[in-house]
Amino acid sequence: MKQIIQDLKNGETILEEVPVPMVKSGHVLIKTTKSLVSLGTERMLVEFGKANFIQKARQQPDKVKMVLDKVKTDGLKPTIDAVFNKLNQPLPLGYCNVGEVVAVGKGVLEFKVGDRVASNGNHVEYVNVPKNLAAKIPDNVTNEEACFTVIGSIGLQGIRLINPTFGETIVVVGLGLIGLVTAELLLANGCNVIGFDFDKEKIKIAKAKGIIAVNPGEGTDQVKFVESYTNGIGADGVIITASNKSNEIISQSANMCRQRGRIVLVGVIGLDISRADFFKKEISFQVSCSYGPGRYDEEYEQKGHDYPVGHVRWTEKRNFEAVLSAISKGTLDVEPLITERISLLDYKKIYGDMKNSKSIASIIEYNITEEPKSTVEILEKSFEGKQGVIGIVGSGNFTSSTILPSLKKINADVKYIASSGGLSSTIMAKQHNIAKSTSNYQEILKDEDVDLVLITTQHNMHATMVLETIKANKSVFVEKPLALTNVELEEIIEAYNKQNVNVSVGFNRRFAPIAKKMKKLLGSDNTPINIVATMNAGFIPAEVWVHDMEVGGGRIIGEACHYIDLCSYFTGSKVKAVCMNAMGTSPEENTDNASILLKYENGSNAVINYFSNGSKSYSKERVEVYSQERTLVMDNWRKLKSFGFKTKNNISSKQDKGHYNQFAELIKHQKIGGTPIISFDEIINTTRASFAAIESLKRQEWITLK
């Protein structure tokens, strides 16, 4: 299928061939018939992509600070690699999609195959959309009209926030697509509506709809015009739908308001607010968040948990339905806003010169004749008879920034890369000369050429995919963690014992050159040692999926397991008991500020401090090892200092966390066999120790492992 994307590195807008996504649980798969180009929003994205690196940096000063902090801790090259990797990830364009449901996911009861729906899907022939981000289209509403559903919902949410009453005067600043729809909905609400814009054609359309439309470019003073129209009272409210970096708009909006007037920002403007403008009149100001309540809420959008109508009357989905109802009843007339219609293949007629486009609403028309394919061939390549042929499941940032560059250096044979949406895997396949991109990872499991599967998906998918891979009689490497529960772990152990395959987990730290040097210096005499390891992990907001125990498993199971494995590597022993204490008076099981104590079978002790409340400008990782009146100190995988050794063993080098060595050893083992890169028993012991840490926190006692 074809999809319009934006290359953030060079600014080019591309029509990419990608696999059709597989319908997911709680989602609907839509075959697109029409989509609408939101010129204001999409123009900003396209122009950002075309900007040079300095211009991009100026537009995102907060990101620049993050980059500078990373340079201090990780070094220049890893930081540059991370920045370029981010820019290499394409941006799907579009969020006003209309089409026909061709598949429904598990748990979806509101839709059936054949339903016409409007959604916030991209400009793409097939799109997978959560059920709470789609709405059925009334029979008397055309596909073209339904394309305005999401745009209308953005305007409607701004109206709901400004809370107008019948007869009030509301000003709309900016009569672009969202502004015109907002103004018309305000008229339907019984308001007097004044609209300002510098475009003569938009003023003409607005006047035809009964809006008091004014072009300030013709000499009208906006503030004085509003004062005159309201007999000196001022506007009851102002909705800003303009896109302009100037601070003048917010100042003018305040000045044209009455005492205790309201301002709601829907667009993007300069926000250097003057206190004096707001102070005397006690003006309220609020920013509208997209389509309405539920937006960016993982529970609502991705998990499909609706808000009770008695508590949240208007969610984003119910706003979609309200707009469609307004179009159906003729209250909202969107037909005059359509200024051009083009086919998907002619997309450059819109995106070629968006900066100078005078169009208001552009409709993209789809004529899909090809059968949907879940796998796209990127290049012809034979893998017959080869060992160590890889299929990768998951194409997130870690795959792009770390795994694929490492595999490329090794010259590994990668036949597949899979992603649920198909886009990211296709881009990565082209960048790294991978033969096939797929949205259906089952294709990898069926392919007899593939004997090693790399799994880099969200944590809750790991155990299931590992089980399926083992049962397909293929070796598997999975990024940590191996599993999230003891039940999952026992199922993996049972399956592993029935097959002659290798199971590896991405505990890469033990493969780092500095870690190998430390292990050599410590010797192999099994003498007990003391370890103090600190992970200055950094803050992650509570709503991010890693904190969800059912999805990410929390950061102790999901990330601190790295250091449990590293400590086991240094001790040469297995964990026999675990105790964890966490910060706070009543810490939750998904805490990310905790100290983990480990007792080892050979008498070694380790303390892992996993903290998220430290400064990002301080080293992210530090390990101290004490043994036989000697001490080793590792700083952020860049430096090693030794104390008490007969010879100097200090190291200062570029940061290396062991990923390359890990994959080099993994591929070598897959091709010629021998000892696994990490024994299965060690992997199980580390996984159980991470579970025991959470159990210890709950029970407030030491937990002994099986």
Side-chain angles (χ1 to χ4, degrees), residues 455 459-467 469-470 476-499 501-510 528-529 531 533 535 546 549-582 587-592 594-610 676-706:
I455 298 170
H459 299 170
N460 61 318
M461 302 177 188
H462 286 187
T464 300
M465 290 182 172
V466 167
L467 272 170
T469 306
I470 293 172
V476 58
F477 169 94
V478 61
E479 262 307 316
K480 45 76 192 163
L482 174 62
L484 296 184
T485 67
N486 274 306
V487 172
E488 291 178 341
L489 185 61
E490 292 303 324
E491 289 177 343
I492 290 170
I493 293 170
E494 183 181 353
Y496 174 82
N497 289 332
K498 292 178 181 178
Q499 296 282 13
V501 296
N502 184 42
V503 174
S504 303
V505 178
F507 298 137
N508 55 282
R509 301 301 196 274
R510 64 161 63 200
I529 62 175
I531 304 172
M535 296 186 76
V546 294
M549 295 302 288
E550 293 181 0
V551 179
R555 298 181 80 183
I556 300 301
I557 291 174
E559 295 178 9
C561 58
H562 256 316
Y563 266 61
I564 298 175
D565 174 77
L566 182 64
C567 291
S568 298
Y569 171 67
F570 286 145
T571 63
S573 182
K574 291 181 183 175
V575 179
K576 73 173 186 178
V578 181
C579 181
M580 185 171 86
N581 183 48
E588 299 288 337
E589 61 180 333
N590 64 348
T591 180
D592 56 0
S595 293
I596 307 168
L597 281 70
L598 305 175
K599 286 183 182 178
Y600 281 89
E601 291 175 353
N602 71 349
S604 294
N605 288 314
V607 178
I608 299 172
N609 295 314
Y610 188 96
I677 63 172
I678 305 175
S679 74
F680 189 67
D681 284 348
E682 287 181 88
I683 291 170
I684 299 305
N685 180 252
T686 294
T687 305
R688 283 182 173 147
S690 69
F691 296 163
I694 304 301
E695 187 66 20
S696 170
L697 181 67
K698 291 178 181 178
R699 289 165 51 179
Q700 292 292 290
E701 63 184 24
W702 280 88
I703 304 296
T704 301
L705 272 63
K706 284 201 280 185

Would N609 and S595 count as a side chain to side chain donor-acceptor pair (under 3.5 Å) here? Give the steps. CA-CA 4 Å; N609 295 314; S595 293; 2.8 Å; yes
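- Ion pairing between E588 and K698 fails under the 4.0 Å rule for side-chain N and carboxylate O.
- Atom-to-atom distance recorded for K480:NZ and E559:CD is 5.0 Å, nearest 0.5 angstrom.
- The NZ atom of K498 sits 13.0 Å away from the CD1 atom of I493 when rounded to the nearest 0.5 Å.
- We find that R688 and E695 are not joined by a salt bridge, their nearest charged nitrogen and carboxylate oxygen being 4.0 Å or further apart.
- Ring centers of Y563 and Y610: at least 6.0 Å apart, outside the cut-off.
- Taking 4.5 Å as the limit, some side-chain heavy atom of I531 sits within range of a side-chain heavy atom of T571.
- With hydrogens and angles disregarded, a donor-acceptor distance shorter than 3.5 Å links the side chain of H462 to the backbone of P481.
- Considering all non-hydrogen atoms of both residues, F507 and I678 come closest at CB-CD1, 3.9 Å.
- Annotation: side chain of S690 is in contact with side chain of I564 (closest heavy-atom distance under 4.5 Å).
- Counting only heavy atoms from C-beta outward, the side chains of L484 and H459 approach each other to under 4.5 Å.
- Taking all atoms of both residues into account, the shortest heavy-atom contact from L705 to A689 is CD2-N, 3.7 Å.
- Scanning all heavy atoms of the two residues, the minimum distance from I455 to V466 falls at CD1-N, 3.7 Å.
- Within the 4.5 Å cutoff, side-chain heavy atoms of I694 are placed close to those of I557.
- One distance of note links CD of Q499 with CD of E494; it measures 11.5 Å at 0.5 Å rounding.
- For T469 (side chain) and V476 (main-chain N/O), no donor-acceptor pair under 3.5 Å exists by modelled atom type.
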In sequence, state the C-alpha distance, the side-chain angles, and the governing distance for K599 and T704, and then conclude on side chain to side chain contact (heavy atoms under 4.5 Å, CB included). CA-CA 9 Å; K599 286 183 182 178; T704 301; over 6 Å; no
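- Side chain of T591 to backbone of P587: no donor-acceptor contact under 3.5 angstrom is found.
- Minimum heavy-atom separation, Y600 to C567: OH-CB, 3.3 Å.
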Chi angles and distances behind the side chain to side chain contact (heavy atoms under 4.5 Å, CB included) call for F691, N486: CA-CA 8 Å; F691 296 163; N486 274 306; 3.4 Å; yes
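- Atom CG in D592 sits 7.0 Å away from atom CD1 in I556 (nearest 0.5 Å).
- The two residues A693 and I596 have their closest heavy-atom pair at CB-CG2, 4.4 Å.
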Determine, step by step, whether T687 and N685 satisfy the side chain to side chain donor-acceptor pair (under 3.5 Å) criterion, reporting the C-alpha distance in whole Å, the side-chain angles of both residues, the deciding distance to 0.1 Å, and the verdict. CA-CA 5 Å; T687 305; N685 180 252; over 6 Å; no
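- Rounding to the nearest 0.5 Å places OG of S604 at 15.0 Å from NZ of K574.
- Scanning both residues, S568 and V575, for their nearest heavy atoms gives OG-CG2, 3.9 Å.
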Using the rule given for side chain to side chain contact (heavy atoms under 4.5 Å, CB included), can you reason through L598 versus I608, listing the C-alpha separation, both sets of side-chain angles and the distance that settles it, and then say yes or no? CA-CA 8 Å; L598 305 175; I608 299 172; 3.9 Å; yes
Please evaluate residues S679 and D681 with respect to the criterion side chain to side chain donor-acceptor pair (under 3.5 Å), reporting the C-alpha separation (whole Å), side-chain torsions for both, the decisive distance (0.1 Å), and the verdict. CA-CA 5 Å; S679 74; D681 284 348; 5.6 Å; no
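- Shown here is E490, whose CD atom has more than 12 heavy atoms of other residues, nucleotides or ligands within 6.0 Å.
- You'll find the side chain of F477 stays beyond 4.5 Å of the side chain of N502, heavy atoms only.
- Looking at D565 and R509, no side-chain N of the basic residue comes within less than 4.0 Å of a carboxylate O on the acidic one, giving no salt bridge.
- The aromatic rings of Y496 and F680 sit parallel, their planes meeting at an angle under 30°, below the 60° perpendicular limit.
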Stepwise side chain to side chain contact (heavy atoms under 4.5 Å, CB included) check, L482 with I684: CA-CA 9 Å; L482 174 62; I684 299 305; 4.1 Å; yes
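- Distance check, rounded to the nearest 0.5 Å: CD of E491 to OG1 of T464 gives 8.0 Å.
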